[in-house]
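Residue numbering restarts at 1 for every chain, and letters A, B, ... go by the order of the sequence lines.
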Number of protein chains: 2
Amino acid sequence: MSDGTEASRPDVPRAGGVQSLARAFGLLETLAETGGEAGLSELADRTGLAPATIHRLVRTLVDLGYLRQLSSRRYTLGPKLVGLGETAARQFGRWATPVLADLVTEIGETANLAVLDGDGAVYVAQVPSPHQMRMFTEIGRRVPVHCTGVGKALLSALPPADAAAIVARTGLPAVTSTTITDPDVFARGLALARERGYVLDEGEQETGVRCVAAPVTGPHGSAAVSVSGPLSRMDDTAVARIAPLVVAAGRRLGTLLATA
Amino acid sequence: MSDGTEASRPDVPRAGGVQSLARAFGLLETLAETGGEAGLSELADRTGLAPATIHRLVRTLVDLGYLRQLSSRRYTLGPKLVGLGETAARQFGRWATPVLADLVTEIGETANLAVLDGDGAVYVAQVPSPHQMRMFTEIGRRVPVHCTGVGKALLSALPPADAAAIVARTGLPAVTSTTITDPDVFARGLALARERGYVLDEGEQETGVRCVAAPVTGPHGSAAVSVSGPLSRMDDTAVARIAPLVVAAGRRLGTLLATA
DNA sequence: ACTGGCAATTCCGCATCATGGAATATAGGG
DNA sequence: CCCTATATTCCATGATGCGGAATTGCCAGT
């Protein structure tokens with residue numbers, strides 16, 4: 001192996017794992033973090049692997065269509081990933097949609113399901129409100145955790161230390177005028193969320209949109225549900241009515257996730 | 001190796017490829033084809049690999065978050081794939097969006113970019129028309145090649161033999177009343193497309209939607225642009241005006257693809 | 001409850017396959 | 001035009017992934 005200190009790197013995620021696989025996916029992730037484009041030596045620097053090794057892995061991925069090589073000899077994520085990702089999202093959607101649909105009929109606002117991926121949240125399912133035909137499908141969209149309902153709900157379900165680590169890495173950049181940028185305020189918000197079982201997003205990501213979110217409870221890689229709508233319809237009494245429903249939906253989804 | 005006849009299977013895509021990788025992605029694809037959920041032995045049947053081998057690969061993928069194991073011990077595509085796919089799509093979108101946006105401002109209808117993946121077409125970028133808020137974002141959506149503008153444009157850019165092979169595999173199932181189901185008619189359509197440099201889709205995938213598409217020219221894994229809108233706005237004179245613009249956009253995208 | 005059968009998981013010795021250092025091509029920069 | 005940085009190919013080595021066989025665990029049938 002490359003260096004004397006074995007198993008010090010998160011290359012091998014667990015005993016018995018296939019490392020060429022772990023390394024290959026590591027490369028894909030590295031590429032994604034770099035903004036989706038990188039040269040071979042840049043990958044070598046970031047991963048610490050030998051250029052020859054990277055080249056072989058990367059060439060295989062190119063042959064398979066999961067990576068694309070530009071004429072500049074740099075590499076980008078390939079088209080097949082788009083297809084796979086979409087199928088994966090659809091898969092989540094399949095079992096989640098009924099529950100989300102129930103929420104929408106009870107509440108009348110758009111319902112979303114998101115999962116934690118890396119340090120961000122990714123929407124994996126959505127049932128749009130019957131009200132507005134507006135608002136594009138957000139499926140696949142990646143959003144920051146600190147300024148979204150689902151994001152905060154995801155964090156609230158994590159061990160506080162892990163949540164803090166994520167926030168430390170991403171910071172609390174202001175997105176709108178109401179985005180929470182003070183770490184202390186944010187931490188108190190999370191504590192309140194843990195206590196109540198749900199979170200509010202007061203236009204912290206998009207002005208005028210209020211959002212109620214709850215973690216999906218269960219022993220798996222975290223997920224969260226949310227319901228969001230315009231301030232005009234989402235007043236305090238509405239929120240009071242909605243919150244328990246969202247929390248219940250989170251619980252139901254958690255059961256489904258573990259069962260189905 | 002398992003059997004005497006080596007290299008007879010498309011397991012190893014090319015000499016020098018990393019086989020565990022090819023196999024792992026094969027499993028992901030198999031899973032996607034199965035509808036996103038399968039048990040270990042089902043995977044073993046479909047891929048012909050030894051259960052132990054599959055289990056090791058699959059366990060690694062689960063550890064990495066690209067696969068999820070349900071309590072029924074069956075496996076599904078994991079959340080991380082959603083994130084990766086989204087990043088990949090965004091990557092395509094980044095350089096394509098400006099060109100598509102130009103098309104939209106010139107034409108006023110929704111513009112799409114799709115790539116060929118396997119025997120289907122996958123939308124990788126879209127700029128929606130300012131007109132209608134309807135029609136969800138199709139990014140990541142996989143559509144048949146025979147009844148869509150982008151699909152036929154992709155085929156028209158392929159060596160005729162390759163195009164024929166794909167059509168032979170997928171067949172020409174009717175999706176709407178105008179879907180072309182006769183192989184001869186279809187072949188003539190492709191020939192005309194090659195000659196003119198663009199294709200029309202006359203509601204062959206969705207009734208009432210007309211679409212002009214052109215291949216993205218270049219020496220890479222094929223892509224295609226399209227512009228689509230309701231029949232009411234897409235009359236013959238509009239198409240005559242639009243077609244050259246779409247063809248030009250295809251050329252520009254081709255240059256960008258090769259360069260960027 | 002007991003049992004039979006099937007599916008998932010773990011074990012383990014063997015040989016294959018991935019590995020990475022060094023050598024070779026190729027692209028930019030001066 | 002040469003020179004440097006980067007990508008790619010070669011190849012001997014042994015670690016690594018392979019798969020047959022044994023084990024465990026889950027249900028369905030009675």
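- Residues forming a ring pair (Phe, Tyr, Trp, His ring centres under 6.0 Å) with Y66(B) (at least two apart in sequence, or on another chain): F25(A).
- The separation between L49(B) atom CG and dC17(C) atom P is 12 Å, rounded to whole Å.
- In terms of position along DNA chain D, the nucleotide closest to E42(A) lies nearer the 5' end than the nucleotide closest to the other residue of the pair L21(A) and E42(A).
- To the nearest 0.5 angstrom, L49(B) atom CG is 10.5 Å from R56(B) atom CZ.
- No side-chain donor from either of T30(A) and T47(A) sits under 3.5 Å from a side-chain acceptor of the other.
- To the nearest 0.5 Å, atom CZ of residue R74(B) and atom CG of residue L31(B) are 9.0 Å apart.
- Between the C1' atom of dC17(C) and the CZ atom of R23(B) lies a distance of 10 Å, rounded to the nearest Å.
- The residue T53(A) sits close to a base: some heavy atom pair falls under 4.0 Å.
- Atoms CD (Q19(B)) and P (dA15(C)) sit 16 Å apart, rounded to a whole Å.
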Taking only nitrogen or oxygen atoms into account, show me every contact under 3.5 Å that the protein makes with nucleotides 8-13 of chain D, one pair per line with its distance.
from, atom 1, to, atom 2, distance (Å)
dT8(D), OP1, Q69(A), NE2, 2.8
dT8(D), OP2, Y75(A), OH, 2.7
dT8(D), O5', H55(A), NE2, 3.3

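- Remark: E29(B) CD to L84(A) CG distance equals 6.5 Å, nearest 0.5 Å.
- Note that OG of S41(A) and CZ of R73(A) are 11.5 Å apart. Values are rounded to the nearest 0.5 Å.
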Determine, stepwise, if the pair T60(A) / L64(A) fulfils side-chain contact (heavy atoms from CB on, under 4.5 Å). CA-CA 6 Å; T60(A) 307; L64(A) 292 171; 4.1 Å; yes
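- Computed from coordinates, the L43(A) CG to dT6(D) C1' distance equals 13 Å when rounded to whole Å.
- One interatomic measurement links the two molecules: CG of L57(B) to P of dT9(C), which rounds to 13 Å at whole-angstrom precision.
- Residue R74(A) contributes atom CZ, which lies 16 Å from atom P of dA27(C) at whole-angstrom precision.
- When the side-chain nitrogen and oxygen atoms of S20(A) are compared with OP1 and OP2 of dC17(C), none of them lie within a distance under 4.0 Å.
- Taking CG from L113(B) and CD from Q126(B), the interatomic distance works out to 11.0 Å, rounded to the nearest 0.5 Å.
- Between the CZ atom in R252(B) and the CG atom in L103(B) there is a gap of 8.0 Å [rounded to 0.5 Å].
- Inter-axis angle, ends of the helix from dA1(C)-dT30(D) to dG30(C)-dC1(D), five pairs per end, rounded to 10 degrees: 50°.
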